[in-house]
Participant: 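There's a structure below that I have some questions on.
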Amino acid sequence: MTLAFFESSTRTRLSFEAAAKRLGAVTLLFTPTGSSVEKGETLGETFATIEAMGVDAIVLRHGVNGIHHEMSQNTSMSIINAGEGSRAHPTQALLDASTLLERLPIRARMAPLDGYRIVIVGDIRHSRVARSNVDVFLKLGAEVALCAPPTLAPDDDTMKGLQYFDCIEDACKWAHVVNLLRIQRERITADIVPGIDEYRERYAMTTERAQRYPDIVITHPGPVSLGVETDARVLTMSQSLVHRQVTHGVAVRMAILQRLLNPPTP
Ligand code: CP
């Protein structure tokens with residue numbers, strides 16, 4: 001299996017590597033810096049080269065929306081989406097759901113998250129995690145709402161029709177789960193980010209706010225911008241699942257690799 005990360009990563013890259021090693025796979029690390037990409041080699045030719053070495057699967061993080069599908073048309077390797085521009089981060093959504101299912105009390109319900117209200121708070125416009133999480137949470141039966149500054153609210157149709165809160169205080173009165181996001185500064189070119197004081201006042205899960213809503217479960221895909229969307233203290237509170245999410249990331253990615261590379265015989 002090859003890990004090919006064209007954008008930076010700690011959690012996803014290391015957890016895929018840990019998952020592969022625990023399953024006995026051989027992992028090769030491809031980093032664009034220092035590779036023939038710097039000499040102008042196309043991604044298609046890079047993939048053909050990796051495939052010719054007998055690689056079965058490639059775990060790809062890339063900033064371009066649609067690149068995973070495009071590359072899958074010309075290779076027999078399995079392409080696993082480890083983050084795609086602002087469009088999708090499907091394994092993050094699966095591990096977030098897995099972590100919530102472990103924490104939330106099981107109810108007699110039709111779907112696993114039926115009856116639970118989850119609000120996604122932060123820079124939703126530029127977030128691949130938000131798009132994948134909305135998809136998975138809705139499929140699992142949750143009610144999903146959004147909370148973002150108007151300049152960071154989604155400007156496409158992917159999340160149309162969802163309830164929208166203009167401040168986290170209102171969202172906290174509604175939600176069982178607050179799924180925080182960081183501001184994706186690497187995808188923002190215009191001056192659309194509110195000042196830090198205004199952001200914390202209206203959209204952050206501060207220590208004080210977390211203490212006032214002790215029953216709210218807090219998630220964050222990481223990395224966290226401490227002092228912006230939340231505080232270091234919050235991450236250590238029992239209502240925070242942030243580090244548990246990372247643990248689930250290894251297990252969920254093991255399950256994905258197992259299913260893909262070693263499927264059960266019918
Ligand atoms: N959540 C997430 O994708 O983190 P990394 O960028 O560290 O992989």
Participant: With His62, which residues qualify under ring-ring contact (aromatic ring centres under 6.0 Å, His included), at least two apart?
Facilitator: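 Counting only residues at least two positions away or on another chain, His62 forms a ring-ring contact (aromatic ring centres under 6.0 Å, His included) with Phe6.
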Participant: Please report the shortest heavy-atom distance between Glu84 and Gly66, naming the atom on each side.
Facilitator: OE2-N, 2.5 Å
Participant: Please name all residues satisfying ring-ring contact (aromatic ring centres under 6.0 Å, His included) with His248, sequence neighbours left out, ordered by chain then number.
Facilitator: none
Participant: Taking Asp231 for its side chain and Thr206 for its backbone only, find out whether a donor-acceptor pair lies under 3.5 Å.
Facilitator: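 Flag not set: sc Asp231 to bb Thr206 has no pair under 3.5 Å.
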Participant: Going by an N to O cut-off under 4.0 Å, is there a salt bridge joining Arg125 and Asp156?
Facilitator: no
Participant: In terms of side-chain heavy atoms, does Tyr203 have a donor or acceptor partner in Glu169 at a distance below 3.5 Å?
Facilitator: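 Absent: no donor and acceptor within the cut-off.
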Participant: If you count the non-hydrogen atoms of other residues, nucleotides and ligands that lie under 6.0 Å from CD in Glu201, is the total more than 12?
Facilitator: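 It does not: Glu201 CD has 12 such atoms or fewer within range.
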Participant: How about Arg244 and Thr99: does a side-chain donor come under 3.5 Å of a side-chain acceptor?
Facilitator: no
Participant: Which residues satisfy the side chain to side chain contact (heavy atoms under 4.5 Å, CB included) test with Ser9, sequence neighbours excluded?
Facilitator: Phe5, Thr12, Arg13, Arg61
Participant: Keeping Arg11 on the side-chain end and Gly222 on the backbone end, is there a donor-acceptor pair under 3.5 Å?
Facilitator: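 No.
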Participant: Ignoring hydrogens and geometry beyond distance, is a side-chain donor-acceptor pair present between Thr219 and Gln245 at under 3.5 Å?
Facilitator: no
Participant: Between Arg128 and Glu7, is there a salt bridge with N-O shorter than 4.0 Å?
Facilitator: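 The answer is yes: the pair qualifies as a salt bridge.
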Participant: Listed by chain and number, what are the ring-ring contact (aromatic ring centres under 6.0 Å, His included) partners of Phe165, not counting sequence neighbours?
Facilitator: Trp174
Participant: Less than 4.5 Å apart, any side-chain heavy atom of Arg202 and any of Pro149?
Facilitator: no
Participant: Going by an N to O cut-off under 4.0 Å, is there a salt bridge joining Arg131 and Asp135?
Facilitator: no
Participant: Crowded around Arg233 CZ? As in, over 12 foreign heavy atoms under 6.0 Å?
Facilitator: no
Participant: How is the hydrophobic cluster of Val224 composed, in terms of its other members, when Ile, Leu, Val, Met, Phe, Trp and Tyr link through side-chain heavy atoms under 4.5 Å apart, directly or indirectly?
Facilitator: Leu226, Leu235, Val242
Participant: Quick one: closest heavy-atom pair of Thr230 and Arg200, and the distance?
Facilitator: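 Reported closest heavy-atom pair: O-NH1, 4.1 Å.
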Participant: State which residues pass side chain to side chain contact (heavy atoms under 4.5 Å, CB included) with Ala25; sequence neighbours excluded, sorted by chain then number.
Facilitator: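 Side chain to side chain contact (heavy atoms under 4.5 Å, CB included) check on Ala25 returns Ala20.
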